[in-house]
Amino acid sequence: MAIIVDEKTNVLVQGITGNQGTFHTKQMLGYGTRIVAGVSPGKGGQTVEGVPVYDTVAAAMENHQIDASVLFIPAPFAKDAAFEAIAAGVRVVVIITEHIPVHDELEIIAFARRRGTIVIGPNTFGIVSSGRCKIGIPPNQFFVPGHIGVVARSGTLTYEIVANLTANGLGQSTVVGLGGDRVVGLSFVDVLEKFEKDPETRAVVLVGEIGGNAEEEASLFIKKMTKPVVAYIAGKSAPPGKRMGHAGAIIERGKGTFEGKVQALTAAGAGVATLPFEVPGLIKEALG
Amino acid sequence: MAIIVDEKTNVLVQGITGNQGTFHTKQMLGYGTRIVAGVSPGKGGQTVEGVPVYDTVAAAMENHQIDASVLFIPAPFAKDAAFEAIAAGVRVVVIITEHIPVHDELEIIAFARRRGTIVIGPNTFGIVSSGRCKIGIPPNQFFVPGHIGVVARSGTLTYEIVANLTANGLGQSTVVGLGGDRVVGLSFVDVLEKFEKDPETRAVVLVGEIGGNAEEEASLFIKKMTKPVVAYIAGKSAPPGKRMGHAGAIIERGKGTFEGKVQALTAAGAGVATLPFEVPGLIKEALG
Amino acid sequence: MKLYEYMGKELFARYGLTVPRGKMVTSPDEAAAVAAEIGAPVVIKSQVLSGKRGKGGGIKFADTPEEAREAAAQVLGMTVQGLKVEMVLVEEKLAIDHEFYVAITVDGAAKAPVLIASAQGGMDIEEVPDEFIVKEHLDVCLGVQPYLCREVCRRLGLTGAVAKEFGRLLPTLYRIFREKDAELVEINPLVLSGEKLIAADAKVTIDDEALYRQKDLPVVDDRTEAERQAHALGLSYVQLDGNIAVMANGAGITMGTLDIIQYYGGAPANFLDAGGGTGMEATAKALEILLSTNPRVIFINIFGGITRCDDVARALVKVKQEKGINVPVVIRLVGTNEEEGVRILRENGIEAYKVMHEAAAKAVELARAQG
Amino acid sequence: MKLYEYMGKELFARYGLTVPRGKMVTSPDEAAAVAAEIGAPVVIKSQVLSGKRGKGGGIKFADTPEEAREAAAQVLGMTVQGLKVEMVLVEEKLAIDHEFYVAITVDGAAKAPVLIASAQGGMDIEEVPDEFIVKEHLDVCLGVQPYLCREVCRRLGLTGAVAKEFGRLLPTLYRIFREKDAELVEINPLVLSGEKLIAADAKVTIDDEALYRQKDLPVVDDRTEAERQAHALGLSYVQLDGNIAVMANGAGITMGTLDIIQYYGGAPANFLDAGGGTGMEATAKALEILLSTNPRVIFINIFGGITRCDDVARALVKVKQEKGINVPVVIRLVGTNEEEGVRILRENGIEAYKVMHEAAAKAVELARAQG
């Protein structure tokens, strides 16, 4: 099982001939991901790490079954590449690119909704179904198979927590990075719903941050879940109104505060860790 | 049963204070249609034939359950009124208006698809579930309950055929006018699918015309249907390339000919009437 | 509304597309002057609203201004596909490396705009085998995105600078299609000349229903007088070559009426769809249009829905009384306010039919008797 | 990027919205001249990138040019919400019949643009009760359609000519929002003056990520020098008021690092997200920025994903060798190329931590010791 992607997922890499694309294609192949094709306009016919390159997504799909695509495309061109994948009917589109204009993100998400496409990101580390399929950029070594689902807004913080889980003998079913931008595809609730249904997932870790109301919305769903949820929220010490890197991590108009989120999550029955390294202990406690 | 609308359908009339709107509101009420509200910007608070009028569709929906809306709105404003109904979440939108620019129709249909709204028309006489609900403009007296489904592109020709059916003791389950324009909401296939599933419908009459390929597409579905279909196609005598009123009724590029349509329908097992008055006989024959 | 080629090219040029240097003229002298201005071999193209001009002799080449004058003299006044040539377009003759086809139109079945392109331009697109045609449906609000240009170029075998130019052309064509309420925007051939893509022809059809909001476009009116009068009444009229004038209400039933007349061996003189809900005055005027075409018989087939039978009856009586009707009238009248309509007719000595095919048979019989 | 009020109003005016007559000036004399030109009572508004100027004394009224000069003299140079006033906007004082609020912004939860309007304008929208706020999500490609204007007007109680003007304003606001890549376009108050709707204020925030394609907008840069330098490196930096300089890679983990420092009783001097995949040179420059702020301790927390531990190690060594580092450095280093990074550091006498909270605790301890 695992959610969204697994060992049978055929992956396309858009922007495969760029530095990032090539580097992470190698890393993903090393993790065992089934990368079947790449796209790079004008570079059709080449190969990268043994993967055939095509000029367009449509050309790749004429020759391969494609289930998911991952974008290593510079921000100004990312919208078009995402449109291309969505229009071609790719089921899951993972957008690693950061610094995409928010209006482009609005257009991507609107188009994806119309076509029923799952968009992960933009500005995400990607998705890892541990031991089966990594689509994105996390370091390979920390993700080992197991029964903890992880869903997060930010990248490195998630690696930190996943590494903590792994070090404590808690492998992961799937780790999903929603993306750090204000407008992204999947939401906490979308992923929590999938974890709740996934027989392999026994507990869920939610890694949130201050700003927005995604964690508050997630709390409403957590209340109805049968599986335990442990959360960690970053940004307790952030001064109000200061922009902390992510466009999403602004404390706006009194909403989205650390205290509000912790309160909502606690009321929903989730365990809330004060520091990242407390997460494994809380998970073990919750699983009894 | 019947399809799409029935005696429980709550209907909104957009443009209820205009001549057409008022006249047909009275006619529809006379047929037994449950008209619960009307909309006419700036006329909120009035009543027409006892029906309360609101300024906007949203205002009407605050006060009433609305299942379907019918538009008596001049062509230049019809797109906006259709958008209003679709955005408000009305399930079925019947657009009587003719002469709507085709680009407006493209936009209406695209928006409706996104929201999962059923659009009937534009340039349609509407839909009648005989004895239960009439949404549109056909004369009341010819539509009597029974087991024949009728789906048609043009209006008056359909009344002619329905009157023939009724005169021969063949009442109708539902009569659907797709609309005479090149771009309309429901297609023959959409309606045939519903008739095939409707336990009350025993046979279907398809009233087509030359031009386009809607009848050819319908034939592909008719081949798979368990219920008999009788078709009449207008335009046998039309010279190629002449525009015959409907934008859709142009014989373009050798496609959409009378002969091609009759051949496709016959091959699919449909009976094809040469003249409208032959339809009831063919239906009786098909029903055995 | 179809635009003449030269109008289409003017439109293209306004949107920044490349078209051949040239000018529309109406006399051989002007043609020679334009050729002299161009200072190179030219092509003289008849400006008529029909394709296949080449086969009809409507396109000629000229190397000098004098030849251009002669060619224009030949073309001006000739008849192409039944249409008299009153204007010619004098243009530079292009150095053609390749001819493409590209168009955007409305696909009624898909209910979406469709982009059609082919590397086999220069001929009728319906004669190009399917495997050489690129067909892409467009999301009406997204239009032609860059990725689609790349995909179309790939399938047409375009690369490098030409692909880039094609990638600019397609979104522009879509803008014209949308902003001008076009039903069809077609370039055939789109000529590759060196590294340039040039619209060597222009077929643009504007949606008649949208003309009210396209006031900056030139007006092209190729209708007959009767068609024009009917249109002014909001009705649809097509001249045919028979002798039974037909009026019915609704496009489908009007077509069905023509069919049934032909079935009984008659020949309709026209298609007149009096629409739904046309009032007494307009119906009377529509009858006058029919009379003006001098038919042998007038056949009125009304199934009243919005149209009220009494309105039609009154219109007929009015025309009969005011203008006189010197040909037989067969009228079939059922539907809304039928009784009142039938009574009015009867009071004026006209007996209405109830059944469509009986009425049609009678009309054919009377037409034959008048022959 | 926030625009100053006067810039926002210039933008509005270019799009055909009505704004008060007025001008931005930087001296009392100019203010008097503008007041004289307007020839009526004026308002003097401090131009700072902050709301709530009124409460801070940043807005004054003047009936004569002389009063305007005095008011401008008072406002220029004053400090509003910590920001020095260097410009004032001198505008006609409006006759106010009613104040509305209207804005379009991005709703991250709904993943769509949202239109917000209220008949209770003139104050902070978050203080207006929900039942007096109209909130409509917009389809990004359809924007504000006429029906939505009618519905918003209905709910605001607008009718007649004012409703019509409002119906023109909303789609224009959406066009500005879309065409200028705005995150926020806000008018508060939108003043009803007679039958006119006038944008008495303008808050426009442009998406920083889209500035590369918004070259015609004025540039507003209110960042500190360190923030500017970090941004030039493609990194995100926020000045804070503690004494432990922090660098981590990723916004989330950087926030988490600040949290853990505070948990152990320390005070972070900044937020520096060195991002993912930042190379050796940029990392070295980022460290120099940290040094330039004179912290007591530097804490580097790296969990290498795209970021390579050896790059970070080399950067640290480079800065140490070339510039010298005179404060204690605590570094936590795990992930991609960890062994190589740890080896490089060890060769240069630096011992890296493996566990984040142990490293943080050490950094706090060292900062305290330096106090």
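What you see is a predicted model; the values in this text were computed from it and never measured.
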Counting only heavy atoms not in [X], do more than 12 sit closer than 6.0 Å to its [atom1] atom?
| X | atom1 | result |
| --- | --- | --- |
| C/Glu195 | CD | no |
| C/His137 | NE2 | yes |
| C/Asp221 | CG | yes |
| C/Lys111 | NZ | yes |

Inter-residue atom distance A/Phe83.CZ - C/Leu142.CG, 0.5 Å rounding: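 Separation between the atoms: 5.0 Å.
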Point-to-point distance, once rounded to the nearest 0.5 Å, from CG of C/Asp139 to CZ of A/Arg115: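 If I round to the nearest 0.5 Å, the distance is 6.0 Å.
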Part of C/Cys141 lying under 4.5 Å from any heavy atom of chain A: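 Only the side chain of C/Cys141 comes within 4.5 Å of chain A.
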Heavy-atom contact with chain A under 4.5 Å, split by part of C/Leu148: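 Neither the backbone nor the side chain of C/Leu148 comes within 4.5 Å of chain A.
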Test applied, side-chain hydrogen bond (donor to acceptor under 3.5 Å, both in side chains); reference residue, C/Arg150; option that passes from A/Asp55, A/Asp80, A/Thr56: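 Per the side-chain hydrogen bond (donor to acceptor under 3.5 Å, both in side chains) rule, the option paired with C/Arg150 is A/Asp80, out of A/Asp55, A/Asp80, A/Thr56.
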Any side-chain heavy-atom pair of A/Lys79 and C/Gln145 under 4.5 Å: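 Sidechains of C/Gln145 and A/Lys79: in contact.
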Carboxylate-amine/guanidinium proximity below 4.0 Å for C/Arg155 and A/Glu62: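 A/Glu62 and C/Arg155: not salt-bridged.
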Structural part of A/Phe77 lying under 4.5 Å from a heavy atom of chain C: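 When you check distances to chain C, no heavy atom of A/Phe77 falls under 4.5 Å.
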Engaged part of A/Ala59 at the chain C interface, taking heavy atoms whose separation is under 4.5 Å: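 Both backbone and side chain.
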